[in-house]
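Here is the structure we will look at, set down as structure tokens.
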There are 2 protein chains.
Amino acid sequence: MRPTVHDIAAEAGVSLATVDRVLNARVGVRAETRERVQAAVTRLGYVRDVAAANLAKSRSYAIRFILPDGDNPFMHALKAHVLQVGDPATRLGGLERLAVSLDPVPSLDVVALAAALDRAGEQGPAGIAVVAVDAPEVEAAIGRLTARGIPVATLVSDLPASGRRHFAGIDNIAAGRTAGGLMRRFLSGRSGPVAVIAGSLTLRDHRERLSGFADVLAQGAQALNLLPVLEGGDDPIRVETLAAKLIAEVPDLAGIYSLGAGDRGLIRALSAAPERRPQAVLLHELSPHTRQALEAGLVDAVLAQDPGHIARSAVRVLRAFADGTSFDPAQERIRIDIFLKDNLPPG
Amino acid sequence: MRPTVHDIAAEAGVSLATVDRVLNARVGVRAETRERVQAAVTRLGYVRDVAAANLAKSRSYAIRFILPDGDNPFMHALKAHVLQVGDPATRLGGLERLAVSLDPVPSLDVVALAAALDRAGEQGPAGIAVVAVDAPEVEAAIGRLTARGIPVATLVSDLPASGRRHFAGIDNIAAGRTAGGLMRRFLSGRSGPVAVIAGSLTLRDHRERLSGFADVLAQGAQALNLLPVLEGGDDPIRVETLAAKLIAEVPDLAGIYSLGAGDRGLIRALSAAPERRPQAVLLHELSPHTRQALEAGLVDAVLAQDPGHIARSAVRVLRAFADGTSFDPAQERIRIDIFLKDNLPPG
DNA sequence: CTGTTAGCGCGTTCAT
DNA sequence: ATGAACGCGCTAACAG
């Protein structure tokens, strides 16, 4: 049997209450007594039973997710996973006494986002997870939360200067570099210009992906020629227009890298003129549309981050911060997944 | 507050004991009483607090891992992760009352493996995780465990016919296909033969990878020519010999796919004659050696499965089986990771 | 068949 | 500065 507080108390010759005070670093214990208890703890190899402690405290972890209510498939999937994590019928929801709530916020509305952050803070949650937008208002709001001791994790798009405790998402510079590496390899030998379609360069993650990608294309013996970046606002319709024009006007186009959303438009443009499809097409995030395009050979590879992993990881990390315990960084690292048609997950 | 057994008892007008009997499907309750309790449960939306239940039962989950004590880096990493999962100081070890133990078994010794399985079963564990070897003795031993109601999960290499409840590892046919897809793309346009180095074709996972790879190379307009498979016994020294000979004797060699272990030998052979390196080199599993080779440009891509994920997943799944609860299949799917030099995890 | 009671390991009053 | 006693939500003896 693992030693319990009783064993510690007996070993140290004190009462349970004193052991508790020492274990929780509370005041009102003589230094000498404290020593005795600590000695007993290490001697017996005591480790606190967190489950029992939480039961006694009837603690529950209120975690708030603030997500853009945009309509892109990735955010939809993320929302679904957050709800699933909070479902009391599941392991995390049940066993781990979580109370997950979800606040939708108009997409890219920095004022609304800052307000939502402040409001969430009022409820005194155990932690807050938010898809950050790169704006001073948001940065300040996160700073206020942090100052009040509420751990904040950014999701998908980071805001390091805000003081957030954690970022759950991929390294977007590395993602861009990865796309660059694939592009080079898929185009081996061949020359011809490469196009990039972004959502908006005001988005930090898009800027980062672009910079990593451009970096890799420029380096090495045979640099690839990068066309001026197109911005489609993550909107399928605008993206389709841009892509169709691109394909029509650049006959020797070698590759396309779409680093934002709105890929439905790109896919439509590609399937409208299959004979002019460039040799390599790369895009981000798995959705029914991108899956299908990959399976159909319209797209060569999809870079992705797993929304289920992001949701679960944010919860685990925020819980750990709330408890003051540690977590396994390797487990919480969000991978840059590369999907070809052959390693697609089922479903 | 979430409703508790007390609320149910009050609502149904019975005692706690009766509620407990109904909740745990124990005998000795009149059908009519049972109905009343169940009605109260659904009316109040009761869900059992698993943590409290486990506390009361002072239940702990004994999970045994049976792993080959071979010296390859992947198995080493897997072992380390298993130990970490079992560490009482971690979340899983502490909060979740696990007692993980590790039985090493001589690599590829089917008799010893079967004996270890039988022995593990004697201890009455909550679950057993094992790296299966494709042999009738092993299959039978797993069958005996399953028959006794002990859930078994195979790790890395599967044995579906054994009756194991779960497999934690990648789909190796898909992994082979993925390697094939990368090989085709990396060799786009270029022809020339492609070599495969396996450990041993008596290993199910190696056979499966080969079959998926060969499949993809053969299909499509321009089939790639596959040389006869080389078997290096997962031994760096034998692999080095084979690879060196291959590189020397096949001047127009376009690609190499190493689908087993012993890659240290392959890497040595490649760096000994860098000017004759084929255009595409693919191999499996991340290790200090393969990382370095990737970074040095000696290897183009590494396919991998995350040993940390496998260890954690096996524990979660076996616990779920022991409890008769469900788990999230998407969370437990082991991904076929593709690493280029640009999306390598840190460390 | 059903109810009472005493813990599981810990946190938290309220006394001393 | 320290200790005794009760309760968190649930299970398991033992009564009845």
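To find a chain, count down the sequence lines: A is the first, B the second, and so on, and within it residues start at 1.
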**OP:** Would you tell me if any nitrogen or oxygen in the side chain of A/Thr33 comes within less than 4.0 Å of OP1 or OP2 on D/dA1?
**Re:** no
Subject >> Charged N-O contact under 4.0 Å between A/Asp103 and A/Arg119 >> reply: no
Subject >> Spacing between B/Leu23 atom CG and D/dC10 atom P, to the nearest angstrom >> reply: 8 Å
Original post:
Which whole-number value in Å describes the distance from B/Ile8 CD1 to D/dG9 C1'?
Top reply: 12 Å
Original post:
Considering the options B/Lys57, B/Arg26, B/Arg48, which one meets the salt bridge (Lys or Arg N to Asp or Glu O under 4.0 Å) requirement together with B/Asp20?
Top reply: B/Arg26
Subject >> Closest to the A/Ala17 side chain, choosing from D/dA4, C/dG9, D/dC10 >> reply: D/dA4
Original post:
Looking at A/Asn24, does any N or O in its side chain come under 4.0 Å of the phosphate oxygens OP1/OP2 on C/dG11?
Top reply: yes
Original post:
Below 4.0 angstrom from OP1 or OP2 of C/dG3, is there any side-chain N or O of B/Thr18?
Top reply: yes
Original post:
Between B/Arg21 and B/Ala56, which is nearer to the 5' end of DNA chain D once each is assigned its nearest nucleotide?
Top reply: B/Ala56
Original post:
Tell me: CG of B/Asp323 to P of D/dT11, nearest whole Å?
Top reply: 11 Å
Subject >> Gap between atoms NE2 and P, on B/His6 and C/dT5 respectively (whole Å) >> reply: 12 Å
Original post:
How many Å lie between OH on A/Tyr46 and C1' on C/dG9, as a whole number?
Top reply: 7 Å
Subject >> d(CG, A/Asn54; C1', D/dC8) in whole Å >> reply: 11 Å
Subject >> Given A/Leu155, A/Val156, A/Leu67, A/Val152, the one that forms side-chain contact (heavy atoms from CB on, under 4.5 Å) with A/Val130 >> reply: A/Val152
**OP:** Run through A/Ser107, A/Pro104, A/Pro106 and flag the one making a side-chain contact (heavy atoms from CB on, under 4.5 Å) with A/Pro68.
**Re:** A/Ser107
Original post:
For B/Ala53 and B/Leu16, take the nucleotide of DNA chain C holding the closest heavy atom to each; which residue's nucleotide lies nearer the 5' end?
Top reply: B/Leu16
Subject >> Nearest-nucleotide comparison on DNA chain C, the residue closer to the 5′ end among B/Leu55 and B/Arg34 >> reply: B/Arg34
Original post:
Within the structure, does a side-chain N or O atom of A/Arg26 lie under 4.0 Å from either OP1 or OP2 of C/dT12?
Top reply: yes
Subject >> Whole-Å gap separating P (D/dA1) and CG (A/Asp20) >> reply: 16 Å
**OP:** Can you tell me the distance, in whole Å, between the CD atom of A/Glu35 and the P atom of D/dA1?
**Re:** 15 Å
Subject >> Nucleotide of C/dC10, C/dT12, D/dG9 approaching A/Lys57 most closely (side-chain heavy atoms) >> reply: C/dT12
Original post:
With distance as the sole test, does B/Arg34 use its side chain to make a donor-acceptor pair with the main-chain N or O of B/Val22 at under 3.5 Å?
Top reply: no
Subject >> Phosphate OP1/OP2 of C/dG9: any A/Thr4 side-chain N/O under 4.0 Å >> reply: no
Subject >> Phosphate-side-chain proximity, B/Arg30 and C/dT2, N/O vs OP1/OP2 below 4.0 Å >> reply: yes
